[in-house]
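Below is one structure, written out as structure tokens; the observations come after it.
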Amino acid sequence: MLELTKLNHHQLEAVTAPEGPILVVAGAGTGKTRVLTTRIAYLIDHMGYDNNKILAITFTNKAANEMRTRVFNMVNNVYVPWIGTYHATCLKILKEDIQYIGRKNNFSVIDDEDQLSILRDIYKRGGLTQKDMKPKKALEVIEKVKMNDIQLNAINSLDKAKELGIYKFDELKNVKYVNQMYNQRLLSANLLDFNDLLLLAYKLLSEHGEVRKKWQTMFDYILVDEFQDTNELQFNILNLLINQEKKNVFVVGDPDQTIYTWRGAYPNIFKDYLVEYKQTKTYVLDLNYRSSQNILKVANSLISHNSDRIDKVLVTDNGEGNNVVFYKGDSDYHESNFITKQIVSLTKNKSYDYKDIVILYRAKYLSRSVEQELINNNIPYYVFGAVRFYQRREIKDLVAYLKLLTNPTDELSLKRVLNVPTRGIGNTTMDNITKYANDNHISFAEAFYLTNRSDFDPPWQKPAIIQFIKLIDSLISLTKDKTIAESVQLIIKAINYEDHIKSLELAEERLENIDEFIKSITEFETKHNTHSVEEFLHEISLYTDSDDNTIKNKDAVSLMTIHYAKGTEAKVVFIIGMNEGIFPSIKMNRENDIEEERRIAYVGITRSMEKLYLTCNVGFSPISTSTLTVSRFIKDVGHKNLREEISEMIPISDADLSWYSSKEIKTFEDNYNETVIEFKVGDTIAHTIFGSGVVISINGDMLDVAFKAPFGVKSLIKNHKAIKRLKN
DNA sequence: GTGTTGAGTATTTTT
DNA sequence: TACTCAACAC
């Protein structure tokens, strides 16, 4: 029997709401996920809904899996197949019906790395280099153009191009070319990027009434989590999937947690929803179960500085709890050192495990200085979203081989592996084939498989290619009746992949990853009871989280961006880099971006259950090459809500020093410091090349400094930028 | 054709 | 630091 007694009054009302459109506005930590999963269970158990006809949209694949497991455990092992992100849902729909819009359903989905390698290829063919425009920036423009349906070719003035971040006519011309080539390439190779999944699903459902009807009858009930981060296109797709007679839709969200406006989300979507579904019943959850009063005070105080919001204050029955700590260090080294010290003391008498601790930051690059300190102190940690599992080189190689076996004309995969491991098919050979393909108006893959023709020039390049084609042929027949896992093992053997890996850096880790990959394939095959490579490839094309199982059991500190942390909670939370220019980011361009930055901070703060640390440092920033200042968000929070910790004098070991020095000093603009630092004998200094040293004598503007072997004593100019005095 | 080296540069957020 | 790319040696 479904347990409803654990729910509070408001939660229960939402869970047992009648049919028809529902909106649940749920603040952070108010049991949003519990309400959503219990609602699904309730639909099946009490309202007689078919578990196969319920669609639940989540924001990440990770959240989807969690929800599925929770429902499975709640109502006697019932499996709900349609739980997934907008992208995953659209993918499944397109796989079934894409032929209605004139495309074949053997498409594959490409990730951002694939996109970039296509762009690099286009650059090469078009004679462009990254000096013309960084491929990454070009990709940004391409995505923006695609998502906003901008007619790039119609843009002829720099005034209009400005909105795309383009300020030169050359750039505009180049990006037009690259954009056209990119989309042409995707179409001819039958590839879809992430945006295509949404756009084509929308096209399919909006243009074909019979298909729309089919899916509307397919889903009796639709639920959406994290509704505040739904964008207009996704909302339109949702509306096309909702059966407009019954309007059985249940959305849950918190406008204060909208942190994806850069991807088209908009806080006003709640208003749009209420207009679209006028009979909507609204439920509000504001009793927070997660955090202590002190943490909520900080969160409420911060978010109250946003003007563009509906007033809402989180309350809790939890105790006052610990003070929220604010720490200001003299450098990023001090900041990281403070954090590791806290972690050491928090975990010393087992009051907390490493896995209770999360370190959050605004941007990925900020993790580095903390990582260094965690390593120095032997604290186990895991960085989420750093290099995603399926984007690892070794995994992508093997996946490319798999793809090639199912579809030998897959140009992207072919190009990726034709010289991995190296087999003498280098750039010159590839250029030859490309030229032949262009001259004869055939694809690269077609030209490649035509190598045995008599006019192939130069002939000495032939054997390597022919051997490779034979390899692929033999692998195709060899893997014919094998499972996917067996096929991958056969591939590894046939190409001697292990030897190749051993010649690379991080060989051990890569071999472990390969083991993990094979394990996950076996899991997939058992779970879905299939050996279809194509199904497997579709499954992993969207699965960007690194394998949860490998991390879950490890006792380690977690590091992640706040965006990534959405939907998670932890007993102890550190938010680092609370500096102007970092958080809020210097990259804000529109006026109300500051409100979004504040919401991001709000999301970070509300992840914490028991202890919260906000840290920053006022050293040099690699971005602004000037001294950092404290984030305005600290002022928003109010110093009365914080306990301030003072920067300590830290004895610096040699290991720390070499890292600290090389990192800090490079940021000076000139070779010499403007102000001459007054040294005295005995000061410890850091030098970019020589490492740590001690001042042994001073002669005018020169210093004699004793460095460790092999450098010995050196005479240096006092204000040279390579020198920095350290606290001692 | 392959592999190494040194110079130059970079940093929002993700499905 | 870490990554990319052009230039050069083999």
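Below, chains carry the letters A, B, ... as their sequence lines are ordered, and counting in each starts from 1.
Across all strands, A/Phe59 comes closer than 4.0 Å only to sugar-phosphate atoms, never to a base (heavy-atom distances). If you check every strand for non-hydrogen atoms under 4.0 Å, A/Leu197 touches nothing. As judged by a 4.0 angstrom heavy-atom cut-off over every strand, A/Gln461 is placed among residues touching the sugar-phosphate backbone only. Nucleic acid contact for A/Thr129: none, since no nucleic acid atom lies under 4.0 Å from a heavy atom of the residue. Heavy atoms of A/Lys134 sit under 4.0 angstrom from primed sugar atoms or phosphate atoms, though from no base atom.
Between A/Leu542 atom CG and B/dT14 atom P the separation is 16 Å, expressed in whole Å. What separates CD of A/Glu140 from C1' of B/dT14 is a distance of 12 Å, to the nearest Å. Across the protein-nucleic acid pair, A/Trp262 atom CH2 and B/dT12 atom P stand 12 Å apart, rounded to whole Å. If you take CD of A/Glu597 and C1' of B/dT12, they are 8 Å apart, rounded to a whole angstrom.
A side-chain N or O of A/Glu373 and one of A/Asn337 form a donor-acceptor pair less than 3.5 Å apart. A donor-acceptor contact closer than 3.5 angstrom links the side chains of A/Tyr182 and A/Asp193.
Checking B/dT12, B/dT14, B/dT15 against the side-chain heavy atoms of A/Ala363 singles out B/dT12 as nearest. Comparing B/dT11, B/dT15, B/dT12 against the side chain of A/Tyr365 picks out B/dT11 as the nearest.
In terms of position on DNA chain B, the residue among A/Ser585 and A/Gly424 whose nearest nucleotide sits closer to the 5' end is A/Gly424.
For A/Asp254 (side chain) and A/Gln228 (main-chain N/O), no donor-acceptor pair under 3.5 Å exists by modelled atom type. Side chain of A/Asn579 to main chain of A/Ser631: no donor-acceptor pair is present (N/O by atom type, distance under 3.5 Å, no hydrogens or angles).
Taking only side-chain nitrogens and oxygens, A/Asn419 comes nearer than 4.0 Å to OP1 or OP2 of B/dT2. Distances shown here put a side-chain N or O of A/Thr561 below 4.0 Å from the OP1 or OP2 atom of B/dT14.
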- Between A/His305 and A/Phe633, is a ring-ring contact (aromatic ring centres under 6.0 Å, His included) present by the stated rule, with each step listed? CA-CA 9 Å; A/His305 286 82; A/Phe633 295 154; 9.3 Å; no

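Checked by distance alone, A/Arg362 brings a side-chain donor or acceptor within 3.5 Å of a matching partner on the base of B/dT13.
The side-chain ring of A/Tyr260 is not stacked on the base of B/dT14, judged by centre separation under 5.5 angstrom and plane angle under 30 degrees.
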